[in-house]
Trainee: 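Here it is, the structure in full.
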2 protein chains.
Amino acid sequence: MAQWMDSIAVNKPQPITIKEVAEEAGVSQMTVSRVLNKQKLVKESTRLKVEAAIAALNYRPNLMARSLAGGKSKLIGLAYYNPSPSYLSALLVSALKRCRDLGHHLVIEDLSDIEGDLDTSLIVKRLSSIRLNGLILAPPLSNNLTLLGLLKDMGIPVVALSFRDEESVHSSVAFDDVAAAFEMTELLIAKGHRRIGFIRGPVEHPSSLQRQAGFEKALEKHGIPVDQSLMFQGDFTFVSGLELASKMLDTASPPTAVFASNDDMAAGISAGAQRRGLKIPSELSIVGFDDTAIAAAIWPRLTTVRQPIAEMAQNAVDIISEITSRTWNGEQLHVTIDAIEIVERESLTAPK
Amino acid sequence: MAQWMDSIAVNKPQPITIKEVAEEAGVSQMTVSRVLNKQKLVKESTRLKVEAAIAALNYRPNLMARSLAGGKSKLIGLAYYNPSPSYLSALLVSALKRCRDLGHHLVIEDLSDIEGDLDTSLIVKRLSSIRLNGLILAPPLSNNLTLLGLLKDMGIPVVALSFRDEESVHSSVAFDDVAAAFEMTELLIAKGHRRIGFIRGPVEHPSSLQRQAGFEKALEKHGIPVDQSLMFQGDFTFVSGLELASKMLDTASPPTAVFASNDDMAAGISAGAQRRGLKIPSELSIVGFDDTAIAAAIWPRLTTVRQPIAEMAQNAVDIISEITSRTWNGEQLHVTIDAIEIVERESLTAPK
DNA sequence: TTGAAAGCGCTAACAA
DNA sequence: TTGTTAGCGCTTTCAA
């Protein structure tokens with residue numbers, strides 16, 4: 001019995017507080033707080049004393065208290081809605097790494113599949129309890145004006161991924177989808193393809209439309225008419241690619257190449273085509289978009305556009321970190337990453 | 001200028017506090033707090049009044065304040081170290097969903113690749129600042145005794161995935177890897193395979209050893225000697241599978257089938273074998289373990305063991321939720337999921 | 001069944 | 001450059 005109570009007692013140790021650090025260092029709590037927050041107005045010798053005390057006691061500030069008193073919680077949110085698994089994975093890994101380096105924590109909010117359509121009030125409910133320093137919104141949440149409005153009213157700084165609103169009420173990190181899709185299409189044409197299938201992503205994603213625009217722009221430039229019978233609508237999932245493969249290959253004159261708007265769908269097309277006995281790439285070339293892990297995990301590996309997801313995530317974290325800092329001037333920040341890179345692998349060759 | 005200041009002011013709206021709810025309802029803060037925490041000692045009529053006030057004001061409790069005053073933060077941690085992408089993805093999706101349903105938030109801690117080896121002190125540093133209700137540890141963190149000890153000293157309740165320590169100082173959710181691997185191996189043997197390659201996962205993962213044990217047990221049962229030249233060491237990544245494919249197929253008498261300890265490695269083997277021109281499954285059967293997304297995303301699709309990752313994650317969240325509740329009796333909880341299911345797809349057939 | 005008081009650990013605003 | 005005071009929004013403890 002006594003033992004049992006012991007174990008309960010041990011369960012909740014009293015952590016060191018700022019007060020104890022102050023005593024140990026022989027200064028006031030405020031001075032410790034200043035050292036903690038790296039403020040300038042501390043004499044070097046005092047700072048060293050305080051730092052020594054912190055190290056000696058192995059003190060860790062309580063984020064909750066900090067947040068209550070000050071406002072900064074060191075908590076960054078990342079919200080998404082039905083992302084493709086490989087996009088999400090790339091996003092997470094990079095955001096997490098950056099948070100770790102900057103001493104922040106990432107709180108994930110998966111808003112997928114909430115009773116059919118997206119329920120913005122539920123999101124607001126969840127987000128208003130927890131005090132986030134900022135929120136990273138993945139597409140298609142990043143262009144949901146209702147949500148953006150609510151978040152603004154709540155005073156949560158937002159960084160939108162792959163969407164920039166014209167009024168600039170929130171920050172953004174974007175990529176030139178039009179140019180990237182244009183370049184990829186030119187590569188397909190250069191290889192000799194003329195009948196090119198295009199798998200569009202969900203229309204809620206601005207990127208879907210932009211990638212399509214880039215595709216069509218390249219066709220036009222080379223005098224190839226846009227053939228509506230070669231345009232298909234997917235939803236960024238592997239399964240949608242798989243299903244569209246049949247639909248596309250059942251037509252009277254199938255394309256010699258397919259450009260899917262993301263890697264997951266491209267992988268689906270690849271699996272579907274191979275299931276029907278087609279040789280990739282000799283009988284059908286396939287290219288994707290994103291260069292996520294799945295692009296190199298299937299055989300033949302996908303030729304694809306490298307979307308700088310990692311850089312985008314890192315920039316998003318940096319922006320929130322910047323906004324949270326004392327030196328922020330109130331202006332929203334915008335970053336556009338414009339290095340376009342095509343990763344050539346085995347899934348693309350000249351048509352027979 | 002005025003406009004600029006306006007926008008800053010709007011940026012930080014004053015959220016409703018418990019005090020205002022109390023006034024609105026004509027009761028004390030304490031009564032509101034009791035209603036919030038679903039305590040029994042509140043008269044029905046008062047409770048209704050308070051709930052009406054909460055709804056009217058659209059009040060949301062401040063988690064930070066709650067945590068400071070009480071201890072419960074509604075924050076659950078999920079930590080991992082170099083997981084396979086598809087395992088991580090499955091884990092996250094399920095844990096996130098359960099957290100959402102239970103009103104918790106998930107804080108992700110990616111401990112991968114921290115300066116070579118795992119730096120437990122850094123983890124402790126990060127975790128002692130944020131006040132987590134509990135921490136879910138994915139393998140191989142879940143069997144790191146050093147880490148487990150530190151966490152216990154910090155008073156953070158832990159749920160270990162795929163590992164149960166004998167002293168039961170923390171909770172756990174596990175799966176019978178031995179039996180599952182045994183069953184899969186029997187299927188391979190039933191199909192007629194005798195020379196079966198085995199790709200073991202990293203030895204830091206108890207599951208790796210258990211899967212190997214199940215594999216060898218099944219061989220023994222059927223009188224097939226364990227051939228060391230058919231045993232290979234992977235690290236759960238796609239790339240390790242890819243590399244081992246060459247190594248394995250370059251041997252004098254290659255196996256007719258391969259059992260990889262997870263799907264990512266199986267996919268790597270598949271890609272590597274196909275790159276060498278091998279037909280899957282006619283010239284080489286491949287089976288995996290986990291039934292993660294990648295198993296169905298490659299062609300031919302993988303026959304694999306379904307590891308109930310989703311159920312395990314959900315159980316882990318439930319356990320922390322339970323431990324956090326006022327009614328917890330102090331005992332660690334343990335769950336073992338024993339439904340073993342083999343998912344048969346195209347990657348396995350009888351040998352030629 | 002309800003309320004009053006105290007304080008969780010920290011920082012903002014002011015004073016020295 | 002440093003310290004003092006007053007809370008942040010909530011729950012605990014104790015009293016009514």
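Small disclaimer: the values here were computed from a predicted structure and weren't measured. In the text below, chain A, chain B and the rest are named by the order of the sequence lines, each starting its count at 1.
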Trainee: Counting side-chain heavy atoms from CB outward, which of C:dG9, C:dA12, D:dT1 is closest to A:T17?
Mentor: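 For the A:T17 side chain, the nearest candidate turns out to be C:dG9.
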
Trainee: For the pair made of CG in A:L36 and P in C:dA12, what is the distance, rounded to whole Å?
Mentor: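 Taking CG of A:L36 and P of C:dA12, I get 12 Å after rounding.
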
Trainee: Look only at the side chain of B:R131 and the backbone of B:S128, and say whether a donor-acceptor pair between them is shorter than 3.5 Å.
Mentor: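 Yes, B:R131 side chain to B:S128 backbone: donor-acceptor pair under 3.5 Å.
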
Trainee: D:dG9 C1' sits how many Å from B:R60 CZ, rounded?
Mentor: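 Distance check: B:R60 CZ to D:dG9 C1' gives 16 Å.
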
Trainee: Looking at A:N133, A:T324, A:L68, which hits side chain to side chain contact (heavy atoms under 4.5 Å, CB included) with A:S73?
Mentor: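 Of the listed residues A:N133, A:T324, A:L68, the side chain to side chain contact (heavy atoms under 4.5 Å, CB included) partner of A:S73 is A:N133.
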
Trainee: Write down the distance between CE (B:M30) and C1' (D:dA15), rounded to a whole number of angstrom.
Mentor: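 In whole Å, D:dA15 C1' and B:M30 CE are 13 Å from each other.
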
Trainee: Whole angstroms only, please: what is the CD1-P distance between B:I130 and C:dC10?
Mentor: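 Rounded to the whole Å, the gap is 15 Å.
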
Trainee: Among C:dG3, D:dC10, C:dC10, which nucleotide has an atom closest to any side-chain atom of B:A65?
Mentor: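 In terms of side-chain proximity for B:A65, the closest of C:dG3, D:dC10, C:dC10 is D:dC10.
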
Trainee: Closest to the A:Y59 side chain: D:dG9, D:dT2, C:dC10?
Mentor: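 Selected nucleotide: C:dC10.
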
Trainee: The side chain of B:R66 is closest to which nucleotide in this list: D:dG3, C:dC10, D:dT11?
Mentor: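 Taking heavy atoms from C-beta onward, the closest nucleotide is D:dT11.
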
Trainee: Counting only side-chain N and O atoms of B:T31, is one of them less than 4.0 Å from OP1 or OP2 of C:dT1?
Mentor: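 Checking C:dT1 against B:T31, no side-chain N or O comes under 4.0 Å of OP1 or OP2.
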
Trainee: State which of D:dG7, C:dG3, C:dT2 makes the closest approach to the side chain of B:V27.
Mentor: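 Of the candidates, C:dG3 comes closest.
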
Trainee: Minimum heavy-atom separation for A:Y81 to A:L111, with atom names?
Mentor: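 Of all heavy-atom pairs spanning A:Y81 and A:L111, the closest is CD1-O, 3.2 Å.
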
Trainee: Between B:S142 (side chain) and B:A160 (backbone), is there a donor-acceptor pair under 3.5 Å?
Mentor: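 Between the backbone of B:A160 and the side chain of B:S142 there is no qualifying donor-acceptor contact (under 3.5 Å).
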
Trainee: For B:K72, does the NZ atom have more than 12 heavy-atom neighbours from other residues, nucleotides or ligands under 6.0 Å away?
Mentor: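 For B:K72, atom NZ is crowded (more than 12 foreign heavy atoms under 6.0 Å).
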
Trainee: Counting heavy atoms from C-beta on, name the nucleotide in D:dT11, C:dC10, D:dG3 closest to the side chain of B:Q29.
Mentor: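 Closest nucleotide to the B:Q29 side chain: D:dT11.
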
Trainee: Report the distance from atom NZ of B:K19 to atom P of C:dA4, rounded to the nearest whole Å.
Mentor: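 Atom NZ in B:K19 sits about 12 Å away from atom P in C:dA4.
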
Trainee: Which is true for B:T46 with a 4.0 Å heavy-atom rule: it touches a base, it touches only sugar-phosphate, or it touches nothing?
Mentor: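 Since only primed, P, OP1 and OP2 atoms lie under 4.0 Å of B:T46, the category is sugar-phosphate.
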
Trainee: Can you check whether B:S33 has a side-chain N or O nearer than 4.0 Å to OP1 or OP2 of D:dT11?
Mentor: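 So the side chain of B:S33 is within the cut-off, an N or O lying under 4.0 Å from OP1 or OP2 of D:dT11.
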
Trainee: Classify the side chain of A:R34 and the base of D:dG3 as holding, or not holding, a donor-acceptor pair under 3.5 Å.
Mentor: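 Under the 3.5 Å cut-off, the side chain and the base do form a donor-acceptor pair.
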
Trainee: Grab the CG-P distance between A:L68 and D:dC10 for me, whole Å please.
Mentor: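 Taking CG of A:L68 and P of D:dC10, I get 8 Å after rounding.
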
Trainee: Nearest whole Å is fine: how far is D:dG7 P from B:N62 CG?
Mentor: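 Taking CG of B:N62 and P of D:dG7, I get 18 Å after rounding.
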
Trainee: In this structure, how many angstroms lie between the C1' atom of C:dC10 and the NZ atom of A:K74, rounded?
Mentor: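 Between C1' of C:dC10 and NZ of A:K74: 14 Å.
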
